[in-house]
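Encoded as structure tokens, the structure appears first; notes follow it.
Residue numbers start from 1 in every chain, and the chains themselves are labelled A, B, ... in the order their sequence lines are given, proteins ahead of strands. Computed over heavy atoms, backbone and side chain alike; hydrogens, waters and symmetry mates excluded.
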Amino acid sequence: MQIASRFGQSVTLERQKAVLFEPERIVPVLVPVAVEGPWSYRVPEGMDVRPGSVVQVPVGPRKVIGAVWDGEPDTSIDPKRLRNIERVFDVPPISDDLRRFVEWVANWTLAAPGMVLRMVLRVRDALEPEAPVKGIAPAGEPPARMTLARTRVLEIIEDKPSGWTKAALADAAGVSTGVVDGLIEHGTLALVDLPRKPRPALDPDMPGPIFTPAQGEAAVELRAAARDGYSVTLIDGVTGSGKTEVYFEAVAEVLRKGRQVLVLLPEIALTSQFLDRFEARFGGRPAEWHSELSPKMRARTWRDVAFGEARVVVGARSALFLPYRDLGLIVVDEEHDSAFKQDDRVPYSARDMAVVRGHISGFPVILSSATPSVESRVNSETGRYRRVVLEERASGAEMPRLTAIDMRNDGPERGRWLAPKLVSAMTDALEDKAQSLLFLNRRGYAPLTLCRHCGHRFQCSNCSAWLVEHRFRGQLVCHHCGHHERRPDACPACGTADSLVACGPGVERIAEEVGDLFPDARRLVLSSDSFSSPERMRHELKLVEDGEVDIVIGTQLVAKGHNFPLMRLVGVVDADLGLANGDPRAAEKTFQLLAQVTGRAGRIGGGGLGFLQTYAPENPVLRALLSGDLDRFYQEEIAARRAAGLPPFGRLAAIIVSAPQRSEAEGYARALVRAAPRVQDRSIVVLGPADAPLALVRGRHRQRILVQAPRGFDLQAWLRAWLAAAPAAKGQLRVQVDVDPQSFM
DNA sequence: AGCACGCCGACT
DNA sequence: GTCGGCGTGCTC
């Protein structure tokens, strides 16, 4: 006789009897608590667990979800303190591979393993079977007293006897649900459990698109990789080269083997455009995983992934921690995107951890980007990754022609931000009924407001950053902490009325200028401020896609995830923005952003134009972009990184010191920098405190210190020891390790 | 006095 | 990560 469950955790009665006479069993359980390793729990009589079993255990007064872990339980603990496992959930145990992955990520990120496991088990609802939807089915004779309404209901259900919900049936018959209830009461109809609607079948053999010869070759390589075990392939192809359709061929190949596929996208790129393309290739939609999912959908998807019913998951970075039954491929699209990095709690890079997961489980990983990260480019050049290059747009259109506008000579008049050359090109585009995009990575109207009379500058009372004026809202907003106040009419310092001036442009101000220059053009601001909801955002993106807008003024939102087929002209209002901060990746990030945003021009039909307004046209990033030789940027950046020992030639960690006061955080950071061993032979170099990001998070100031170490040095071990030896720092230190884990495998 | 807040240690 | 205990400081 079997008791419980389909997952081999069943016990026969005979075995259960035997268990009664066995000595008590103590097992390690990883709990979602920030401690070094698993804790020990007793297994009650008759309960069968094994490594990976998902269990409920008590921690203090709480009940938490954890997983039985590997190895011997900690025996140093007083047996009297041991408590029982309360419950085993009827879901597949966490696989050996996923447990190893959790350990690996914990070790790499210096996070507690339980905190990493928490990312796997976060979906409490998924651990209980989903309650079936109640439906209506015929069950007996019609009642003696028939009415017109009852007849209609019975006619309809006779026509199609299954699959009705109460509301749908009543609606179809044009009656109220009370009529159906009445028929249930008479036994004519009955409530039954409806079978769950299955996931759409995905067909890997549907005819794909017609490939260019270059795409065809790339597809052959990817299919070959997909048939094999672990490898990493970088698809490096210009915007519009059809990378997605090419990696779909690898997805198809893995589907044919009956294994699961994960496609990771930056959150913002999870648009219906992508899902439509997927459906066109595979005849059905994939399972989705992102922050917008309802708890119910989240639970359903988690279970479908665990039971192997979801064949393809398209998701944001957290989809990496789902408990796949048989994962056979991960694709990381837009692999350079910083949205794959999680900064809080467990600080991980989903792109790098995808490679780790592939390595542990022995399946291929595909990275895709028009502007790959420097790390991935280096790894492909050293042969650690394979590289597939797509140099031409699939449509045959030429890449946009880029021109620098030197603002020192050709800039606009005072108080204006758009140079005459750019305005004239926009005029041409308007006349040709083509769309223009003005890109400025700065929300709001003006980044700084000051008093013309006394020089007072508006600062955030929490974090001392400048307050950004948002003129549409009539407010001054802190972009660090979200603090906002009404924009006053008089200066709060000297009391002078009408003395406040806005300094510098934001997208709202550019939109104002566009309104002055082109009063008849239909213009639209696209920034995270302009959408109250995701639906609103989709709606506005659609307007642009359909040509209902002539001029788009946008922040980095327009660089990512969404294609605008009618866009001909792109004007970068400030191409120098972002190049001059303390971030070691500033050049790379600016290069990627500008390449992506200018790549929006002329995707279909060609004839694209791009203008870069700059005060520093000799900057290497701009020179590479203007020459159209993107490789040039990589070669220069790689040489510079190699010389400086920065990733991927060395490793980087950020130590974040946080304190309630800014001065405190700074003082503490200085003390840490002094205390750190400054070893002249470069075994450790402390670069910081980095002057750049001084952010405020929930009332606490943060100061970032960058720590750099050459390849081969065990940065994790050093940091661990350092943190342990800094007791005064408790709660004030957080460490982010930001490096290329491939160097460890 | 009552309570809000922050710090700290325990949690198997 | 979460909770409870405890001290501080403030109060329609």
Side-chain angles (χ1 to χ4, degrees), chain A residues 23-45 47 49-89 94 99 102-103 105-107 109-127 291 295 318 321 342-348 461-463 481 483 656-665 667-668 696-702 723-736:
Chain A
E24 66 168 13
R25 219 176 130 210
I26 298 167
V27 293
V29 176
L30 199 56
V31 288
V33 173
V35 290
E36 285 282 299
W39 279 347
S40 305
Y41 285 85
R42 258 196 203 95
V43 183
E45 287 173 6
M47 180 186 279
V49 295
R50 57 162 126 170
S53 296
V54 179
V55 294
Q56 174 180 299
V57 292
V59 170
R62 300 180 295 144
K63 299 173 186 316
V64 299
I65 312 290
V68 177
W69 218 243
D70 307 87
E72 292 305 309
D74 176 10
T75 46
S76 67
I77 197 97
D78 179 359
K80 286 196 285 293
R81 286 171 64 197
L82 292 180
R83 300 171 76 179
N84 275 349
I85 294 177
E86 290 172 346
R87 194 174 160 196
V88 189
F89 290 97
I94 305 300
R99 295 202 305 281
V102 165
E103 296 261 8
V105 173
N107 187 46
T109 60
L110 299 166
M115 290 296 104
V116 181
L117 179 68
R118 195 169 160 268
M119 301 195 287
V120 177
L121 298 175
R122 211 161 25 183
V123 189
R124 181 62 181 76
D125 297 345
L127 303 178
S291 59
S318 57
F321 291 91
Q342 170 156 301
D343 294 331
D344 56 349
R345 301 184 195 93
V346 180
Y348 68 95
S461 49
N462 295 329
C463 41
C481 67
H483 164 82
I656 295 177
V657 181
S658 80
Q661 292 298 316
R662 176 184 176 150
S663 57
E664 235 182 298
Y668 206 72
L696 184 116
V697 177
R698 259 182 283 135
R700 296 185 73 82
H701 282 278
R702 304 197 305 170
L723 291 169
K730 229 174 172 183
Q732 309 228 318
L733 284 177
R734 255 200 10 248
V735 174
Q736 264 167 252

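- A donor-acceptor pair is defined here as one N or O able to donate and one able to accept, closer than 3.5 Å; no such pair exists between the side chain of R345(A) and the backbone of A111(A).
- A side chain to side chain donor-acceptor pair (under 3.5 Å) check over residues 32-44 of chain A, counting only residues at least two apart or in different chains, returns the pairs E24(A)-R42(A).
- For Q56(A), the side-chain hydrogen bond (donor to acceptor under 3.5 Å, both in side chains) test picks out E86(A), with sequence neighbours left out.
- The two residues G37(A) and P113(A) make their nearest non-hydrogen contact at CA-CG, 4.3 Å.
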- Task: Decide side chain to side chain contact (heavy atoms under 4.5 Å, CB included) for V64(A) and V33(A); before the verdict, give the C-alpha distance in whole Å, the side-chain angles of both, and the deciding distance to 0.1 Å.
- Result: CA-CA 9 Å; V64(A) 299; V33(A) 173; 5.7 Å; no

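- Side-chain atoms of R25(A) never come within 3.5 Å of backbone atoms of M47(A) as a donor-acceptor pair (strictly under, hydrogens ignored).
- Legend: side chain to side chain donor-acceptor pair (under 3.5 Å) pairs involving residues 113-126 of chain A, not counting sequence neighbours, sorted by first then second residue: R124(A)-E128(A).
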Please list each protein N or O that sits under 3.5 Å from an N or O in nucleotides 10-12 of chain B, with the distance.
from    : atom 1 : to     : atom 2 : distance (Å)
dC11(B) : OP2    : R81(A) : NH2    : 3.3
dC11(B) : O3'    : G60(A) : N      : 3.3
dT12(B) : OP1    : G60(A) : N      : 3.3
dT12(B) : OP1    : R83(A) : NH1    : 2.4
dT12(B) : O3'    : S40(A) : O      : 2.8
dT12(B) : O3'    : R83(A) : N      : 3.2
dT12(B) : O2     : S40(A) : N      : 2.9

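- For the pair L117(A) and L30(A), the tightest heavy-atom approach, listed with the atom from each and the gap, is CD2-O, 3.5 Å.
- Here chain A contacts DNA chain C (any atom closer than 4.0 Å to a heavy atom, that is under 4.0 Å), and the contacts span dG1(C) to dC3(C) from 5' to 3'.
- The minimum heavy-atom distance between P38(A) and P28(A), with the atom names listed, is CB-CB, 3.8 Å.
- Residues from residues 110-125 of chain A lying near DNA chain B, meaning a heavy-atom separation below 4.0 Å, are absent.
- The side chain to side chain donor-acceptor pair (under 3.5 Å) analysis of residues 64-75 of chain A, with sequence neighbours excluded, yields the pairs W69(A)-E103(A), D70(A)-R99(A), D74(A)-S76(A).
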